[in-house]
Structures are given as structure tokens and as C-alpha cells.
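Structure first, commentary second.
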Amino acid sequence: MKIDFTAKKAVICGGSRGIGLSIATTLAQAGADVSICARGAEGLARAAEGLARFGHKVHTAPCDLADGSAVTRYVGEAAAALGGIDILVNNASGFGHTDDEAGWAAGLGIDLMATVRASHAAIPHLERSQGTIINISSISGYGASVRSAPYAAVKAAVINYTASQALALAPKRIRVNAIAPGSIEFPGGVWDQRRTSNPKLYEGTLRSIPWGRMGKPEEIASVAAFLASDLSQWITGQTIVVDGGQLL
């Protein structure tokens, strides 16, 4: 069964690389017009060039997702450029690993509050389209973490907030779901870096995955496409774990 997003409008917060770019690519390949944001203009330009090859509208904008007014402004600009919003993907992460002020500020400001702010800004558009929100959490949100306490805590908050959003927005016929990826590796990403910077951690994590390998961004994108499509029209408030059995 083919998923078709022709004429759909998708906004991906944190979409210039990795999981976000893979989701944007998957949606564009299936016919969607897409808007992506990120902090770096150079990465956005590369991403836009790749997305444009599918022949649909592509909008990009630099945005510091820790800045509340910038988030609201970006979502409004994206909606204007695309002609509405059918799909909102909250993907960005501040990767707040250290249990200090900086780590908590990064996690709360980007992983959690950017999700809240982008959702609030998109809701009027999603209500008109009866669209969907997809939040990217992590399997870290399901357990305690000494190594990255802020990251685990805010990802747990995203899982909980997803359920609360779904309940609140059901009367508006806006579906809200989340994806909790396991360890995903891609060029320039966290696990790509740790392969060389912390090989002991990398190998230990790899051994913890029953499937025997790190995940790929495309494997998260395919689940996002399902959740954004009519195939999942009776699913809301759920978090789908995509981790090759790692959480087990």
C-alpha cells in the first residue's frame, strides 16, 4: 500500500540533518510540500537542494528553537509559505546530557518548550486541516539515566505531553503521537561521533541492541510517515518505540 502525501503541507522543526531530514525527505518523496528549520544556514541550503529534487514546494528558515518568539515566527512563516499545515514534526533536541544548568536549559528549552511552542503556533492551521502532530522523544524517556539525566527527563516529559496534547486536541480532530527512537547513527550525529570519541560507550550500547546494529534515520522516518497518514487515523496519544529491541 502506497502512502500519498500529495498536496499535504509538512513542517519539520529541526530538519536539516539526521532524523528530521529523513522525515522531510520521506514526506516530500511521497508528494508533500515541506518546510524545515534549523540553526545553520549552510545545512539548510544542502537539505533544501536535496528536497527540491522531488519537485514539490520547499521552504527553509534558520531558527533558534530555544527562542520562543523565533519558534512562533517560523511556524507562521512556514504556514504562509506552504499555504497551511497538515503535519507538524517536533524533532529538534538540545541533547542536554550534563546534570547542570546548561544541560537542563538545553533540554527544557529545545526538547520540551520548542515542542510546546511550535504546537501552539501550529494548532490554528492544524484545526483547519484536521492534521497531525508527531513528537520525537527517545527510549531514554522510559528509564533512569545517570549519564544523561536532563535528556531522559525531558524525553519522558515529551511522552507525557504527547498524551495530554492528544486528549486536549481530539475534539479539534488533531491527532498527536510520538516516536521514541533507540540509538540512531548517521554521519555527524551523536553516535557517529561517539564511535571515535568514546568507543567503549559505543560498543557497549551496540551490544545492548538485540538487532545487532544501530538504527537508521530512515527507519524512524517510515514510522513518521505512517503516523502522518490516514493509515493511522484511529491512533492518537501513543508513543511508538523504534529501537531494534534495545529497550527490552
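As the structure is a prediction and not an experimental result, all values here were calculated from the model. Sequential numbering from 1 along the given sequence is applied to the chain's residues.
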Quiz item: How far apart are the closest heavy atoms of P181 and I19, and which atoms are they?
Solution: CG-CD1, 4.2 Å
Quiz prompt | Pair listing, ring-ring contact (aromatic ring centres under 6.0 Å, His included) test, anchored in residues 25-84, at least two apart | solution = none
Quiz item: Which residues pass the side-chain hydrogen bond (donor to acceptor under 3.5 Å, both in side chains) test with D67, sequence neighbours left out?
Solution: S69
Quiz item: Checking R175 side chain against L227 main chain: does a donor-acceptor pair fall under 3.5 Å?
Solution: yes
Quiz item: Would a 4.5 Å heavy-atom cut-off, applied to side chains only, mark S35 and V75 as touching?
Solution: no
Exercise. To the nearest 0.5 Å, tell me how far N177 CG sits from Q165 CD.
Key: 10.0 Å
Quiz item: In chain order, what residues pass the side-chain hydrogen bond (donor to acceptor under 3.5 Å, both in side chains) check against T26, with sequence neighbours excluded?
Solution: none
Self-check item: Separation of L27 CG from I134 CD1 (nearest 0.5 Å)
Solution: 7.0 Å
Exercise. Treat each ILVMFWY residue as a node, draw an edge where side-chain heavy atoms are under 4.5 Å apart, and state whether L88 and L167 are in one component.
Key: no
Practice problem: Measure across A28 and L51 and return the closest heavy-atom pair with its distance rounded to 0.1 Å. | Solution: CB-CD2, 4.2 Å
Self-check item: By side-chain hydrogen bond (donor to acceptor under 3.5 Å, both in side chains) - contacts of R53 (at least two apart)
Solution: none
Quiz item: Does the pair N90 and S119 meet the rule for a side-chain hydrogen bond (donor to acceptor under 3.5 Å, both in side chains), with working shown?
Solution: CA-CA 8 Å; N90 290 308; S119 297; 3.3 Å; yes
Practice problem: Would you mind reporting whether R194 and D192 have side-chain heavy atoms less than 4.5 Å apart? | Solution: no
Practice problem: Could you check S93 against K155 for side-chain contact (heavy atoms from CB on, under 4.5 Å), going step by step and ending with a plain yes or no? | Solution: CA-CA 10 Å; S93 177; K155 290 305 189 184; 4.2 Å; yes
Quiz item: Can you tell me how far the NZ atom of K9 sits from the CG atom of L126, to the nearest 0.5 Å?
Solution: 14.0 Å
Which pairs would a plain distance check flag for residues 37-44, meaning a side-chain donor or acceptor within less than 3.5 Å of a matching protein atom at least two apart in sequence or in another chain?
unit_1, atom_1, unit_2, atom_2, d
E42, OE2, R46, NH1, 3.1

Exercise. Taking all non-hydrogen atoms of both residues into account, name the closest pair between L169 and I123 and its distance.
Key: CD2-CD1, 3.8 Å
Quiz item: Do H120 and R117 meet the criterion of a side-chain donor-acceptor pair at a distance under 3.5 Å?
Solution: no
Quiz item: Of all heavy-atom pairs between L65 and V71, which one has the smallest distance, and what is that distance?
Solution: O-CG2, 3.5 Å
Quiz item: Do I220 and V158 share a hydrophobic cluster (ILVMFWY, side-chain heavy atoms under 4.5 Å, transitive)?
Solution: no
Quiz item: Given E185 and R195, is the side-chain contact (heavy atoms from CB on, under 4.5 Å) satisfied, shown in steps?
Solution: CA-CA 10 Å; E185 187 173 3; R195 182 194 287 268; 2.7 Å; yes
Quiz item: Roughly how far, to the nearest 0.5 Å, is the CD1 atom of I240 from the OG atom of S137?
Solution: 12.5 Å
Practice problem: Sequence neighbours left out, what passes side-chain hydrogen bond (donor to acceptor under 3.5 Å, both in side chains) with R213? Give chain and number order. | Solution: E219
Quiz item: Which distance, rounded to the nearest 0.5 Å, do you find between the OG of S183 and the CG of D243?
Solution: 8.5 Å
Quiz item: Do I12 and I133 share a hydrophobic cluster (ILVMFWY, side-chain heavy atoms under 4.5 Å, transitive)?
Solution: no
Exercise. List, by chain and number, the other hydrophobic cluster members for L206, where Ile, Leu, Val, Met, Phe, Trp and Tyr join if side-chain heavy atoms come within less than 4.5 Å, directly or indirectly.
Key: W191, L201, Y202, I209, W211, M214
Quiz prompt | For A156, side chain to side chain contact (heavy atoms under 4.5 Å, CB included) partners two or more places apart | solution = none
Quiz prompt | Contact summary for A47 and S16, nearest pair of heavy atoms | solution = CB-O, 3.9 Å
Quiz item: Is there a donor-acceptor contact under 3.5 Å from the side chain of T25 to the main chain of L21?
Solution: yes
Exercise. Could you work out the complete set of other residues in the hydrophobic cluster of I139, with links drawn between I, L, V, M, F, W and Y side chains under 4.5 Å apart?
Key: Y142, I159, V241, L247
Quiz item: Side-chain donor-acceptor pair under 3.5 Å between N135 and T162, yes or no?
Solution: yes
Quiz prompt | Pair listing, ring-ring contact (aromatic ring centres under 6.0 Å, His included) test, anchored in residues 150-182, at least two apart | solution = H97-Y151
Quiz item: Among the clusters formed by ILVMFWY side chains lying less than 4.5 Å apart, do I184 and I179 turn up in the same one?
Solution: yes
Quiz prompt | side chain to side chain contact (heavy atoms under 4.5 Å, CB included) partners of T6, counting only residues at least two apart | solution = D4
Self-check item: Shortest non-hydrogen contact between N91 and G14, atoms and distance
Solution: ND2-O, 2.7 Å
Quiz item: How far does CZ of F95 sit from CG of D111, to the nearest 0.5 angstrom?
Solution: 7.5 Å
Practice problem: Check the hydrophobic clustering (I, L, V, M, F, W, Y; side-chain heavy atoms under 4.5 Å; chains of links allowed) and say if I36 and I23 are grouped together. | Solution: yes
Quiz item: Does T236 reach the main-chain N or O of V176 with its side chain, forming a donor-acceptor pair under 3.5 Å?
Solution: yes
Practice problem: May I ask you to test the K8-S129 pair for a side-chain heavy-atom distance under 4.5 Å? | Solution: no
For residues 99-107, which side-chain N or O atoms pair as donor and acceptor with protein atoms under 3.5 Å away, sequence neighbours left out?
unit_1, atom_1, unit_2, atom_2, d
D99, OD1, W104, NE1, 2.8
D100, OD1, T98, OG1, 2.8
D100, OD1, A102, N, 3.3
D100, OD1, G103, N, 2.8
D100, OD2, T98, OG1, 3.3

